[in-house]
Amino acid sequence: MRSIDIHDHVKGRSIYLDDIPLIQGTLFARVFTSNVAHGRIIKLDISKARDLEGVHKVLISSDITGINQIGGIIDDEPLMAENIVDFIGMPIALVLADSESIARKACKLIDCKIEAFEEITDPRIAYEKGALIIPSKKFILGDTESTWSSCSHIFEGKADINGQEHLYIETQGAYAQPVEGGKIKVYSSTQGPTAVQRAVAKVTGMEMHSIEVDVTRIGGGFGGKEDQANAWAALCALGTHITGRPVKYSLSREEDIYMTGKRHPYSADFKIGFDNKLKILAYEVTFFQNAGAAADLSPAVLERTLFHCTNAYFIPNVIAIAHCCKTNLPPNTAFRGFGGPQGMFVIECAIAIAAPKLNCKASDIQKANLITTGDVFPYGQLAESEAETSWQQFEDRFDLKKMQQDVDQFNKENIHLKKGLAVQPICFGISFTKTLMNQARSLVHIYTDGSVGITTGAVEMGQGVNTKIAQVAAHIFSLPIDKIRIYSTNTTRIANTSPSAASATADLNGKATLMACEAIKERLKKVVISIADTKEQNSDIEIRDGLVFLDSLETKITWQELISKAFEQRVSLSEHAHYATPDVHFDWSKGKGHPFSYHVYGTSVTQVTVDCIRGNYEIDFVKVVHDYGQSMNPMIDLGQIEGGIVQGIGWMTCEDVFYDEKGKLRSNALSTYKIPDIYAAPKEIDIIPLITDKENLAILQSKAVGEPPLMYGLGTYFAIENAIQSFNPTVPRRMNAPYTPEKVLLALYGSKDL
Ligand code: LUZ
Ligand code: MOS
């Protein structure tokens, strides 16, 4: 089953925000932003901009008709700066003009003077100064303090990990249009239509029922549009509310990169203790999260870091502390993995540091500590583990010993090319960690001609969720896929939706769709029984090749006749269903609960070849055994895994977000921010499904696949590090991702500049 979008994508017919036909009278928005990371506005003169021909209005914070606030978790983020600016790129004024180029010109005419304060860009410095966004969080399992004395080996270290630009292909944007009665319709490139609706309501001062948000699809999100689509929609809607005209803002790539937040950089300290059989007895870790200038989703991201700080391992004694540090950078935000990958990176660093000192490979430590079913995670949930099964199938499939021997042999024979190998187990919890977000709705209509139309809260962002939802309906009604249509995500049809995020979109919205379809099918069953002359109330109905089967016997009733009959009998052909994930809960006062409906596991191995003269490298292969459950769409899932791996590799290797000490983004274009291209992708990606048939809470047993595979990319860092070590065993192991070619070169020759 291919993605239902594929033909329109290839032919360029798919409608993204910038493809929506313009309405006459549309104004084009552009924001004027702070060029200082921290300071006070001492002069703001918009008169020259306002007087420019073709400029309709220039709005500033005092023009906001509702509340100047777009914070999602905490009310700490003004839409437009009032007196204080907190980061470079913070909106100060909104220009509404007849064209994008006039709006651009007008922005240059705004006269703004800012008195600069001291800026903070480093999370550890923010922590020292007490600049925290929320009180720090802690997980405790067992008792580390009394365990250290029984450890045979203890290692301590520091790990740093940088951020990541989302680089969705479609930039952020919104298009607001006036609707009669003072209502507003907003098209938004968002993962969270309800979040947009809420932000627009707050900023305009309208009620949510007066705002309709519609999303046909978006060109990628990766978390960057979970929360950060709100600002542009709120600005456009504010413009519409004040001028009565349609307002559109589709950000240029340059604006998008410097104004929006990214994956959170983290700095961490760790201490890890082993017995003499490679078992990890105790682990202490402190995370300093670089949250940027406002909370955004950082507190939730911080929590997921804690939830993933022991990755796929069982450690009996753990203390994990996380600080949400406020800095003068654009507020960092959700990004595929949502803090989990950073938590996992640090434990992998601890293992990588320990391995050579314990005279073993990191994979020996990893294997000795895999979590098994019945073990407890530091947050109290019992594992239903596939860590060992995936590792076992991985070893059955791939000859790890032989791979290592080949690498050793190659490294013996080559002086200036060195290969490195790293194994990477993963474990990722599925569900929003905020329990209330684990709910979804679906609205299913069967029209009188037998065709089916579905709306859910899911946003199609290229991940194929609409295809999966269509498959669910096709499966329940036994209909061909072309009888099913998935409509745009729209807040008037499906209200109060959670963002499409946390890898949970197909599970949540798919299950709601399943429930709606089942409910209609139940009613259709009664119709079949009434017309098929049977007394059997428990009969199974099925539609095959357009014909109704009753207990596997063909009736002469077609699907269309059945639907007509149902309509004639005044049976409802529509259903609105609500699904809430069962049994998830978490108590932050105790740091314990059952936050995830299940976990996704897997094991990968990455091999790299490092050119020790130039410092650049190639990725020879990534081989994976991945826990799909029972994939309902292997082609889409494979695409997610391959894409996730390459995105994870990019984060670990060439993608280097660089803010200078003044808080100015220097890696602000694709010339200075390098993402993996086809040449940087692994030469070979081999993905083997882990075969299990356990019950799980995934849609049709098909486990969530959005985020987990990104974390296979972590292995690349350690593979490069291992290659460097075989070139120059005297250099200290450094744990500071990403490993750009420049850093690799410095490391190879033991530079102190790292
Ligand atoms: N978004 C969110 C997420 O709001 N809560 C989460 O737990 C989450 N996890 C992953 C990705 N996005
Ligand atoms: Mo996401 S990081 O699942 O929006």
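Atoms within a ligand are numbered from 1 in the order they appear, just like the ligands themselves.
In terms of heavy-atom proximity, Phe338 sits nearest to Glu226 at CE1-OE1, 3.9 Å.
Among all protein heavy atoms, the one lying closest to atom 4 (O) of ligand 1 is Glu226 OE2, 2.8 Å. The protein heavy-atom contact nearest to atom 7 (O) of ligand 1 is Thr433 N, 3.0 Å. Nearest non-hydrogen protein atom to atom 8 (C) of ligand 1 is Phe338 CD2, 3.3 Å. Scanning all protein heavy atoms for the shortest distance to atom 9 (N) of ligand 1 gives Arg304 NE, 2.8 Å. For atom 4 (O) of ligand 2, the nearest non-hydrogen atom of the protein is Glu226 OE1, 2.8 Å. Nearest protein heavy-atom contact of atom 5 (N) of ligand 1 is Phe432 CD2, 3.3 Å. Shortest contact from atom 11 (C) of ligand 1 to any protein heavy atom: Glu707 OE2, 3.0 Å. Regarding atom 3 (O) of ligand 2, its nearest protein heavy-atom neighbour is Ala502 N, 2.6 Å.
Under the 3.5 Å distance criterion, the side-chain polar atoms of Gln197 are matched with a main-chain donor or acceptor of Met208.
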Inset, instruction - Applying side-chain contact (heavy atoms from CB on, under 4.5 Å), run through Cys236 and Tyr175 and close with a yes or a no. - result: CA-CA 6 Å; Cys236 290; Tyr175 192 2; over 6 Å; no
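Atom OG of Ser298 and atom CG of Asn290 lie 8.5 Å apart (nearest 0.5 Å).
Under the 6.0 Å distance and 45° angle rule, Lys225 counts as a cation-pi partner of Tyr168.
Near Met437, meaning under 4.0 Å from any of its heavy atoms, are these atoms of ligand 1: 4 (O). Close contacts between ligand 2 and Phe338 involve ligand atoms 2 (S) [criterion: under 4.0 Å to a heavy atom]. Less than 4.0 angstrom separates some heavy atom of Gly223 from each of these atoms of ligand 2: 1 (Mo), 2 (S), 4 (O). Which parts of ligand 1 touch Ala501 is read off a 4.0 Å heavy-atom cut-off, strictly below it: atoms 12 (N).
Residue contacts with ligand 1, taken as heavy atom pairs separated by less than 4.0 Å, do not involve Lys434 at all.
Between the side chains of Gln471 and Asn633, at least one donor N or O lies within less than 3.5 Å of an accepting N or O.
Looking at Arg336 next to ligand 2, no N or O pair under 3.5 Å apart turns up.
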